[in-house]
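Predicted, not measured: the structure shown is a model, and the values here were computed from it. Letters A, B, ... mirror the listed sequences (proteins, then strands); counts begin at 1.
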Amino acid sequence: MIGDLSIPVLIASVLTASAPLIIIALGETLTEKSGVINLSLDGVVLFSAMAAFVIARQTDSLLLGFLAGGCAGMFTGLIVGYFSIYLHLTQVAVGFALSLLCRDLAYFLGNPYSRVQGPTLLATKLPFYDSLPNSLQVVLTQPPTVWIALLLIFLFYCFFSFSKAGLSLRSVGENPAASFARGLNPGRIQMTAVLAGAFLVGLGGAAYSLSLKPGWGRPQGAEGIGWIALALVIFGGWHPIRVALGAMLFAFLQVSGIGLQNLFPGVPAQVFQTAPFPLMIFTLVLMHFSTGNTRKQDYSENKTQGFAGKLFLSRAPKALGKNYKQE
Amino acid sequence: MKNLSGAKLTERAAFDILLGSILVLGFTALILFITGAPVLAAFQNIWLGAFASTTKMSQVLSVWIPLILCACGLLYTFKVNLWNIGIEGQIIMGAIFAMAALRVPGIESPLLRLFLAFLTSLLGGGIWGLLAGLLKTRGGVHEIFGGLGLNFVAQGFVLWLIFGPWKRPGIASMSGTELLGRELWLSTPPGWRMATAGLIIAISVIIITWLLLEKSHLGLNLRAVGQNPRAALLYRISPENYYLQSISIAGACAGLAGFLQVTAVYHRLIPSISSGYGYLALLVVLLAGYRIMLLPFLALFFASLNVGAVQLPIVLQLDSSLSGVIQGCCVLCALFILGIRQRRRQS
């Protein structure tokens, strides 16, 4: 029990709250595995949430809404990809500027649709719902986004671990020059990864405005999520399962914050709302200390791994953030 | 590049500026067109909102001041290739420390109180910057995430203060703490909305930053660390040391912005005391291509957009975030032109 929340309700809430975040973080994992950082996530999540809500309302179709969210994400991916892969500009600079641009664009274009009713993706009952015990019924009554997110974790794991395409993608992220020598086209592979990753980010954004926090307004409620997704990719060591677990941990912190609010009425609600963000990011510090490598991380590559270090063993793709220029 | 004559260089720069302006104006017009808003009226309202009267112009300056303080601070961190996204939190901590100093009981002289607040704001911002630096050098957390984490902590802290220990007698609300006594307001010329002291501080910071970065040993060492930390280490220049120095200085500059937000603009502590000026300053510095000479002009341009867009919701029922769209678009277009140029040079 945390506050007023029972265990089944807690699990159900964590699953619901983490689904969009899992989709977004997995999208970014795909992009970063290919060696490109898409730092624009925070703005893109809002932009795609807005696009999804507006289209879903106009067409009265949730499917078209989600598709619009994905396409909005992909459009921003196109900019990130073109600027970094073909123009060789600093990925962080492009991503940051695009993040602020997309956020404001979302607020500006979405203004007429502020606080109006629109279609919402509701939780659905499973076919064998009635035969389940009560607590499982609570846990398993979820919107389809939850099942999609869980399926994606499995697909991503298989893609990176067992498929040839996954291997090519990883090799480009590690060493694009060597991949090129082996007959791969790093630029094309990176661009595909950026576009596909950004599409997923857009879908995640759509899940916010169409399912988790239905509707559009300023603030929408998904502010800061893009930054968390970026931190989660590091937290999860670029491994899909651990990235997803990190997303669930974040959702747990958020949900328990709501529970704790009732336990500590003296502390303003706003403090609990902001708390999961620093907690998540400072977990990165703990992880870093646990690797036994506490100093000189940028210019010395000697790494000693303690026991906990092995547990959290992770290394960024070697070419991450570095632009590859084909000779 | 070197064999181009001066005239040709100017010609190229003029062409780039023209191309950039066309791209930005074209994109903004398209966005306005999509929403069905009158394009010319929107631009006209932004212009009038920023420059129609001396009061409005002074308001532009009141945005220009914190923007230039943060932008100058960011130059130090960009020199060593650090992304100081924690600058928002540094503004907030500067404001909190200043407010704390102003609330210290037993000090009679308002001038002394203000001076104390000035000093503590430097300290507050500096410490917050230093923390992000320590997280990077000792904690191995990328400065973007350490800085963001500290931003959220600072935001939580300011909310706790406003709703908790520093709440207005009887009521706690999002509108902030109780107003400061008039004697603690930095004086503004009659009819203006900008404190003279703020303008003096901002101009002094620009000059000091220019001297330190261009004419001092510190600037040289910072550049050495930024260019190649490993090589700098061989010359006994400790990269860690300079990371910490640069980010603390950046924090102190942002802290000053927080001090001015409290004593010259809002005269109290409010939840959104940083007003997003830190993020905006990052865009200004990117657009300026890290050149200090361009900062004052670009900061003025961004400040006038911000102030000018305020009346869009009232007059045209458009969201004031149009200014952010134009600002972000300016930076992306500048990057695009830079990329195209580099590509042309290589081929």
Side-chain angles (χ1 to χ4, degrees), chain A residues 39 43 79 82-83 86-90 92-94 96-112 114 218 224 227-228 230-231 234 266-282 284-285 287-289 291 293-300 325, chain B residues 31 34-36 83 85 135-142 144-146 148-153 155-157 159-160 162-164 172 174 229-230 232-233 239-240 271 279-280 282-283 286-287 313 317-329 331-332 335-336 338-340 342-343 346:
Chain A
L39 204 76
I79 298 175
Y82 180 73
F83 276 45
Y86 295 105
L87 293 182
H88 308 302
L89 291 161
T90 322
V92 176
V94 174
F96 183 75
L98 195 61
S99 173
L100 294 196
L101 173 64
C102 284
R103 182 197 66 188
D104 285 326
L105 205 54
Y107 288 145
F108 185 75
L109 291 176
N111 190 36
S114 215
R218 179 181 186 175
W227 293 114
I228 285 302
L230 277 156
I234 305 174
V267 182
Q270 289 86 353
V271 174
F272 283 111
Q273 280 159 21
T274 52
F277 293 87
L279 278 178
M280 193 68 230
I281 287 161
F282 292 132
L284 289 175
V285 185
M287 277 176 53
H288 179 80
F289 280 121
T291 58
N293 172 35
T294 51
R295 300 202 63 176
K296 304 216 167 28
Q297 16 74 46
D298 266 349
Y299 31 87
S300 151
K325 288 180 191 168
Chain B
I31 295 297
I34 289 172
T35 50
W83 270 81
I85 286 198
L135 279 177
K136 180 183 171 69
T137 54
R138 301 289 158 92
V141 181
H142 193 284
I144 290 184
F145 299 108
L148 273 173
L150 290 171
N151 283 353
F152 286 120
V153 173
Q155 190 62 54
F157 192 39
L159 285 168
W160 176 70
I162 288 170
F163 284 89
M174 287 297 273
R230 276 173 201 241
L233 202 60
E240 270 190 20
Y279 290 140
L280 203 55
L282 273 160
L283 287 188
L286 277 181
L287 188 60
Q317 279 78 50
L318 292 172
D319 198 282
S320 63
S321 53
L322 182 66
S323 64
V325 174
I326 301 177
Q327 287 154 351
C329 190
V331 177
L332 275 182
L335 285 169
F336 176 69
L338 178 79
I340 295 279
Q342 275 174 358
R343 220 181 149 157
Q346 275 158 13

Enquirer: When rounded to the nearest 0.5 angstrom, what is the spacing between CG in A:Leu109 and CD1 in B:Ile34?
Expert: 6.5 Å
Enquirer: Non-hydrogen atoms of chain A under 4.5 Å away: do they reach the side chain of B:Gln346, the backbone, both or neither?
Expert: side chain
Enquirer: Could you check which of A:Leu100, A:Leu98, A:Val92 has the highest count of heavy-atom pairs closer than 4.5 Å to chain B?
Expert: A:Val92
Enquirer: For a quick test of reading the model, state the closest non-hydrogen atom pair linking A:Pro278 to B:Phe152 and the distance between them.
Expert: CD-CB, 3.5 Å
Enquirer: Taking A:Arg103 for the side chain and B:Gly324 for the main chain, is one N or O donor matched with an acceptor at less than 3.5 Å?
Expert: no
Enquirer: With a 4.5 angstrom heavy-atom cut-off, which part of A:Tyr82 approaches chain B: side chain, backbone, both or neither?
Expert: side chain
Enquirer: Do A:Leu87 and B:Arg343 come within less than 4.5 Å of each other through their side chains, counting heavy atoms only?
Expert: yes
Enquirer: For chain A, which candidate among B:Leu322, B:Ile326, B:Leu282 shows the most heavy-atom pairs at distances under 4.5 Å?
Expert: B:Leu322
Enquirer: Check each atom of B:Leu332 against the heavy atoms of chain A and say whether the ones under 4.5 Å are side chain, backbone, both or neither.
Expert: both
Enquirer: Out of B:Asn151, B:Leu287, B:Leu318, B:Leu286, which one racks up the most heavy-atom pairs below 4.5 Å with chain A?
Expert: B:Leu318
Enquirer: Under 4.5 Å heavy-atom distance to chain A, tell me which part of B:Trp160 shows up: side chain, backbone, both or neither.
Expert: both
Enquirer: Please classify the contact between A:Tyr107 and chain B as side chain, backbone, both or neither, with a heavy-atom cut-off of under 4.5 Å.
Expert: both
Enquirer: Identify which part of A:Leu89 has an atom lying under 4.5 Å from any heavy atom of chain B, answering side chain, backbone, both or neither.
Expert: side chain
Enquirer: When rounded to the nearest 0.5 angstrom, what distance separates OG in B:Ser321 from CG in A:Asn111?
Expert: 7.0 Å
Enquirer: Would you mind checking which part of A:Ile228 comes under 4.5 Å of any heavy atom in chain B, side chain (CB onward), backbone (N, CA, C, O), both or neither?
Expert: neither
Enquirer: When only pairs under 4.5 Å are counted, which of B:Leu335, B:Ile144, B:Val331, B:Ile162 shares the most heavy-atom pairs with chain A?
Expert: B:Leu335
